[in-house]
Structure formats: structure tokens, C-alpha cells
Amino acid sequence: MDKVLPGLEEAIADIKDGAVIAIPGFFACGVPRALLQAIIKKGVKDLTLTCGCGPMLGAAQELKELTLNGQLKKVIDSYGLFRSASKGMQDPFEQAVRAGKIELEIYPMGTMAEKYRAAGAGIPAFYTPTGVGSVMENVVNEIEAKRVPKETKIINGKKYILEYALQPDFAFIHAKFGDREGNLRYAKTARNFNHVMATAAKVTIAEVENLLEPGELDGDDVHTPGVYVKRIVRVPRPKFAITID
């Protein structure tokens, strides 16, 4: 089945206000910036972005526009704010979070990965020892009313926290190679959250730098099989100004 669409506008045509969208990547690497720019242009509001390890800091301009346009309701991430307090206080997103205008929920990076993996495997929840004895025994949220205790359980004498699977409505995926049937290959560390998000989401949309014909991508090179991908759109290789702060 040919899953290639002519452009970004067609790829996100059914995304409406209130959608929950997974955004993978690690800072600048593997971030679906073309799809983010398309969603900015579309102007849908009240979005929840579920991330992994700070991809929105690698898409600083897109995050700034989403914030200033009033398109974000909530962000779930493991690394959502600048490490530099002085730089963070100048950032529109951090200002909005601290003002209570955008909700920010935080999880450890490994817990985030497992929440997506569980959703892709059809597992509704799981127990993890990560965060036991720390603030992670509560929901870590900028909104005080939402900081509720999580369920815990003693298993074989050890305490665990119950975490729930995370299934977004859409996943925006960035791959270096993709064929018309949706098989994807990522580049290096871009593999981090792209695969688990592709399996977790109800609808996965992939932007690919290099579009291949079926059979050109060797089976051993496929990182995400096409069965998880609904739509493909070709995009230019993004240009990054790589920074970390």
C-alpha cells in the first residue's frame, strides 16, 4: 500500500483542537520539525505534546511559536526547561509554564520510554522502581491540584510505583529513510524515541528525508515496520543550530 501523501498539509488534515501528539527526538536530533511547522500553520489549539527527552528544546523556534500562538495546553516530558535559570526566564514557554498558562508534567526518561513501549505492546500499566522514595511518588506537575500520590505496591519485599501506558492520538516521526509502504530507518541517536512512539500512537505520521521504493530498504535495516505507520511525507533535511543549555 502506497502511504505517501503529496504534502504536510494533507498529512495533518484530520488533526483537530485538543489532540495529543507525540514528539520524539533528543534536542535537535530526530525532531519532526517540518510536521511541527505544519501544525503551527494549521493553528489548532489546546494541544498536548507528549515528548521524551527535551525535543522541544531542539525545536526552539517552533516551541516559541506554539507558545505565543496559544496552541499548547500541556507538555509531558522528561526534560522540559532550560538548565540555565536566567535563560529559562527569558523563554516564552518557561514563562507560560511558571504562570500556569501551560501545564508541564515530568517523568524520568526511562519511564517515559516504557510508557510508550507499553502502549505499543497493549500493556495498560506497569510497576517501576524508578523514583521510589522521591518526588516521583507523586504526579510531578506545575499545577498544584494535580500533584496527587501515585499507587505503589510491595513486590518481593521491594516497593514499586504504578505508571500508566501513554497512547497519543498522533505521533510525528522523523526518519532518514522511509519507503512508500511506511518502513522506516532512523539515523544514529534519532532512534531514541521515534520507534516506541510510532508503535504507541493511534495514528503515526512520518516525515522522511529520503523516500525509497518498496524493496529498496533492506529488511535488516528496518527500525520501524510499515504496519505501524499510516502516512508518509517527504521533507528536506533540516538545518540545525545545535546548542544545549
Side-chain angles (χ1 to χ4, degrees), residues 1-16 19-44 47 49-53 55-56 58-59 61-62 112-113 116-122 166-242:
M1 177 186 293
D2 192 335
K3 300 176 181 177
V4 178
L5 295 178
L8 294 162
E9 185 177 346
E10 292 83 357
I12 64 165
D14 61 344
I15 298 181
K16 303 183 184 306
V20 179
I21 306 173
I23 306 296
F26 178 70
F27 291 88
C29 183
V31 181
R33 295 185 69 180
L35 283 165
L36 280 169
Q37 291 160 8
I39 210 73
I40 292 169
K41 183 178 179 182
K42 186 176 175 68
V44 287
L47 298 174
L49 302 185
T50 71
C51 306
C53 44
M56 300 306 294
Q61 183 59 35
E62 288 80 5
M112 287 292 297
Y116 295 114
R117 193 202 67 80
L166 181 53
Q167 184 182 43
D169 298 321
F170 298 88
F172 286 178
I173 301 300
H174 182 94
K176 188 174 181 64
F177 298 97
D179 68 22
R180 291 184 173 275
E181 295 180 342
N183 298 299
L184 304 177
R185 177 176 175 77
Y186 309 110
K188 300 182 172 61
T189 52
R191 295 177 65 176
N192 56 4
F193 274 88
N194 271 287
H195 174 67
V196 289
M197 289 181 176
T199 63
K202 298 173 186 174
V203 176
T204 294
I205 305 170
E207 58 171 57
V208 301
E209 298 176 21
N210 301 278
L211 180 61
L212 306 176
E213 296 299 322
E216 286 191 280
L217 192 57
D218 188 274
D220 286 341
D221 290 334
V222 173
H223 295 150
T224 294
V227 67
Y228 293 110
V229 180
K230 292 287 193 301
R231 303 164 196 166
I232 293 274
V233 60
R234 187 180 182 282
V235 299
R237 179 175 173 76
K239 297 180 180 178
F240 293 114
I242 299 175

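In what follows, residues are counted from 1 in the order of the sequence shown.
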Q. So do the side chains of I12 and F172 get within less than 4.5 Å of each other, counting heavy atoms only?
A. yes

Q: Check for a donor-acceptor pair, side chain of T204 on one end and backbone N or O of A198 on the other, with a separation under 3.5 Å.
A: yes

Q) Under a 4.5 Å cut-off applied to non-hydrogen side-chain atoms, are D179 and L184 in contact? A) no

Q. Does atom CD of E10 have more than 12 heavy-atom neighbours from other groups under 6.0 Å away?
A. yes

Q) What closest approach, in Å, do E62 and L36 show between heavy atoms, and which atom pair accounts for it? A) CG-CB, 4.0 Å

Q | Gap between atom CG of L211 and atom CZ of R180 - 0.5 Å precision | A | 5.0 Å

Q: Drop me the distance from Q167's CD to T199's OG1, to the nearest 0.5 angstrom.
A: 10.0 Å

Q: Mind listing the closest non-hydrogen atom pair of N192 and G25 along with its distance?
A: ND2-C, 3.6 Å

**Q.** Given R234, R231, K230, the one that forms side-chain contact (heavy atoms from CB on, under 4.5 Å) with L5
**A.** R231

Q: Ignoring hydrogens and angles, tell me if any N or O in the side chain of D169 forms a donor-acceptor pair with the backbone of V20 under 3.5 Å.
A: yes

Q) Any side-chain heavy-atom pair from I173 and T224 closer than 4.5 angstrom? A) no

Q.
With rounding to the nearest 0.5 angstrom, report the CD1 to CD1 distance, I205 to I39.
A. 7.5 Å

Q) Do the side chain of K176 and the main chain of V208 share a donor and acceptor less than 3.5 angstrom apart? A) no

**Q.** CZ on F170 to NZ on K16, rounded to 0.5 Å
**A.** 8.5 Å

Q: Report yes if some heavy atom in the side chain of I21 is under 4.5 Å from a heavy atom in the side chain of P168; otherwise report no.
A: no

Q) Of the non-hydrogen atoms in K42 and I15, which two are nearest, and what is the gap between them? A) CE-O, 2.8 Å

Q | Expected output: side-chain H195 to main-chain H223 donor-acceptor under 3.5 Å | A | yes

Q | Side-chain donor or acceptor of N194 paired with backbone N/O of H174 under 3.5 Å | A | yes

Q.
Could you tell me if the side chain of T189 sits less than 4.5 Å from the side chain of F26, heavy atoms only?
A. no

Q: Report yes or no: does E207 contribute a side-chain atom to a donor-acceptor pair with the main-chain N or O of A34 at less than 3.5 Å?
A: yes

Q) Would a distance-only check, ignoring hydrogens and angles, find a side-chain to backbone donor-acceptor pair under 3.5 Å from N183 to G226? A) yes

Q. Would you call R185-D218 a salt bridge at under 4.0 Å N-O?
A. no

Q.
Walk me through whether K3 and E181 qualify under side-chain contact (heavy atoms from CB on, under 4.5 Å).
A. CA-CA 6 Å; K3 300 176 181 177; E181 295 180 342; 5.5 Å; no

Q.
I need the F193 CZ to C29 SG distance, nearest 0.5 Å.
A. 13.0 Å

Q.
A quick test of your reading: do over 12 heavy atoms of other residues, nucleotides or ligands sit less than 6.0 Å from NZ of K41?
A. no

Q) Taking all non-hydrogen atoms of both residues, which atom of A119 and which atom of A200 are closest, and how far apart? A) CB-CB, 3.8 Å

Q: Mind listing the closest non-hydrogen atom pair of M197 and G52 along with its distance?
A: CE-N, 4.1 Å

Q. At what distance, to the nearest 0.5 angstrom, does CG of N210 lie from CD of E216?
A. 10.5 Å

